[in-house]
Number of protein chains: 2
Amino acid sequence: MLNKSDCQKCSNDKNSIFKLLNKQERSIFENNKQCTSYKKNEIIFKEGDMPSGLICLCYGKVKLIKEGVGGRDQIIRMENSVNFIGFRALFAGEHYIASAVAIEDCTLCYLDKKTLDKLIKANGNFALEIITILAKELGVSNERTLSLTQKHIRGRLAESLLVLINTFGYEDDGKTIKVYLSREDLANLSNMTTSNAIRTLSMFASEGVISIEGRRLSVEKFETLKNISSLG
Amino acid sequence: MLNKSDCQKCSNDKNSIFKLLNKQERSIFENNKQCTSYKKNEIIFKEGDMPSGLICLCYGKVKLIKEGVGGRDQIIRMENSVNFIGFRALFAGEHYIASAVAIEDCTLCYLDKKTLDKLIKANGNFALEIITILAKELGVSNERTLSLTQKHIRGRLAESLLVLINTFGYEDDGKTIKVYLSREDLANLSNMTTSNAIRTLSMFASEGVISIEGRRLSVEKFETLKNISSLG
DNA sequence: CAATGTATGTGTTTTATAACACAAATTTAA
DNA sequence: TTAAATTTGTGTTATAAAACACATACATTG
C-alpha cells in the first residue's frame, strides 16, 4: 500500500473525469482514495469476485481475461493507464465477469463505492460522463462481437493489432507496438488458437505488413493492415 | 403521431425508471414526450442515423439488427415493451450502430436529449439507474461475445431460445415462446446460416426438446435446453 | 386463382480453422 | 550450467459449419 500522495495521475491526468469535480468534491475524492501496486503477472481481481470500489489504473498495463468454454480463454479488453478497470461490474452491482491481470508492474487507485455514489449524485456532469463512457464501451463491445464472429482469422488478428496500437501506441521508432504480448495472449484476444496466431503473424511478416523480433511487433504497412482488418 | 395521453406505459409501467423522478421532474418529462407508432416490419431507425432523443418502446416488439461482413446480418438485441431502444448511441453521442425494426405493431415515446440531460443532472438516483442499466447491458454483451464465438451451433441456438424466453416469456400454455421469428431471424440471432438454424431446430424437435408448428416454438424440456446451451 | 415471390427443408460439397503431434528455441528454476 | 518447463514454430489430420443446390410449402398479389 502506497501513500495517497504517491499517485496523482488518477486526478491530474489530462483525460481524468475527476477534473469535472469541484474543489469540495475533489477533496472528498482525494481523502478517500487508496493506492496500491501490483507486480507483472499478478492478479488484480478474479472473475466471480465482487467489486468493492472503483479502480483506476494509474501506471502500467492490464489485460482483462474471461474463462471460455473448455479452457479457451478470451481477452475481452486491454487497458492502459490512465483508465478505469472493473467499473462495469461495480456499476451493475454484479460480480466481475473477467479477471484483471497486470501485464506490467502497475499502480492502482481505489475509491469505495459509497463515496463514488455520493459524487455521482452530487455532480450531474460527472454522472453524465460516466454514462458516456459506459455507452461508448457498449458500442465497442457490440462491434467486437461482430468482428470476432464474422471476420476470418487474418482479419481478426489484424484488428487486434490495430486495437493494440490504439490502446498502447508506438515506441519512439513510430512503428513498434508499445506492448509485448505472448502469442497465446494475441490468440486469446483474436479468438483463435495459439498456433493460428503464430502462423498468421508469420504470414503478415512474410508479406512485409509487419516485422517481428520475438514479442516486438513493428507495423511496416499500416494501410495494408487496416485493409486486412476491414476485408477479412 | 398520437396524442401524448395515449401512452402512459413509459412512465407508469412497474419497472419504469421515470418513477424515480419527483413530481416536478415528472411533469417536465410528461410535457416534453412525444408518442408515435410503427407497423410491423417498419424501420424505426437505421444504422448510421444520429439519435435525437430517448426512445421508449411502450407497446410491441423490436429487433436490433446490424449489418455484417458480406450480407450476414447479426441481431444484436431483441427488445420487448416497456424498455428503451437506441439509448446506447444517444448516451455515447454516436451514430446508431444497429437498425431497429418493428417485429410487431409498436408504440413508442420520444424524449429529446436536452430534456433528458436536464433530468439526469437534476436527479442523481435517476442518473445512477441509467448507469446501472448500461453496465448490465455491457455485461450481457461481453457474455454474448463469448457464447457466439465459442459455443457450437446447438449451444448457440439453445441459448438464443433461452434469450427469447427471457425477453418475451411464454404464451398462456406456459411453453410456447411469445415471439414469432423467421428461421432467418433465429439464425441471425445465433450467428449461423439459415439452413443450419432450420436443421438444428429440427434436431431439437426430433429429440423432443422443443415442438414446432411453423413459427410457433414450444419448449418441452427446459432443463435439457439449458444443458445444451451451457455445454455447447 | 393462377403466378410469382418468399420461407422452409434437406442433401452434398467445400473450406476455414481447430485439434493434434512434435521439434526447436527460449526462459525459468534447481 | 544443466535440467525442466514454457513458448514458439510448423506440418498433418479431423471436423464443424458455411456454401451451394434444389425441392417443397406457404404467402402475397395482380
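Order of the sequence lines fixes the chain letters, A, B, ..., with proteins taken first and strands second; residue numbering starts at 1 for each chain. Bear in mind the structure is a predicted one, so any value in this text is a computation, not a measurement.
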Between CG of A:L217 and P of D:dT8 the distance, given in whole Å, is 10 Å
The nucleotide from D:dG11, D:dA17, D:dA19 with an atom nearest the side chain of B:R72 is D:dA19
| message | Below the 4.0 Å mark, does D:dA17 have OP1 or OP2 next to a side-chain nitrogen or oxygen of B:R154? | response | no
To the nearest angstrom, the CD-P distance between B:E213 and D:dA25 comes to 17 Å
#### Entry: Phosphate OP1/OP2 of D:dA19: any B:S195 side-chain N/O under 4.0 Å
no
Here the distance between atom P of D:dG11 and atom CZ of A:R199, to the nearest Å, is 8 Å
From NE2 of A:H152 across to C1' of D:dA16 the rounded distance in Å is 14 Å
**Request:** Give a yes-or-no answer on whether the side chains of A:K151 and A:S229 include a donor-acceptor pair shorter than 3.5 Å.
**Result:** yes
ask   = With a non-hydrogen cut-off below 4.0 angstrom, is A:N191 in contact with a base, only sugar-phosphate, or nothing?
value = sugar-phosphate
(Q) Applying a 4.0 Å non-hydrogen cut-off, can you work out what A:T194 is touching in the nucleic acid: base, sugar-phosphate, or nothing? (A) nothing
With no hydrogens and no angle check, do the side chains of B:T149 and A:Q74 hold a donor and an acceptor under 3.5 Å apart? yes
Do B:T176 and B:R216 have side-chain atoms, one donor and one acceptor, less than 3.5 Å apart? yes
Has the side chain of A:T167 got a donor or acceptor atom that lies under 3.5 Å from a matching backbone atom of A:L164? no
Atom CD1 of B:I198 and atom C1' of D:dA17 are separated, to the nearest Å, by 15 Å
Is there a side chain to side chain donor-acceptor pair (under 3.5 Å) between A:N196 and A:T193? Walk through the geometry before answering. CA-CA 5 Å; A:N196 276 330; A:T193 55; 3.2 Å; yes
To the nearest angstrom, the CD1-C1' distance between A:I153 and D:dA16 comes to 14 Å
A:S99 side chain to A:E47 side chain, donor-acceptor N/O pair below 3.5 angstrom: no
The first and last nucleotides of DNA chain C lying within contact of chain B, meaning any atom under 4.0 Å from one of its heavy atoms, run from C:dA7 to C:dG11
B:M192 atom CE is separated from D:dC20 atom C1', nearest whole Å, by 19 Å
- Query: If you count the non-hydrogen atoms of other residues, nucleotides and ligands that lie under 6.0 Å from NZ in A:K226, is the total more than 12?
  - Reply: no
Here the distance between atom P of D:dT15 and atom CG of B:N196, to the nearest Å, is 18 Å
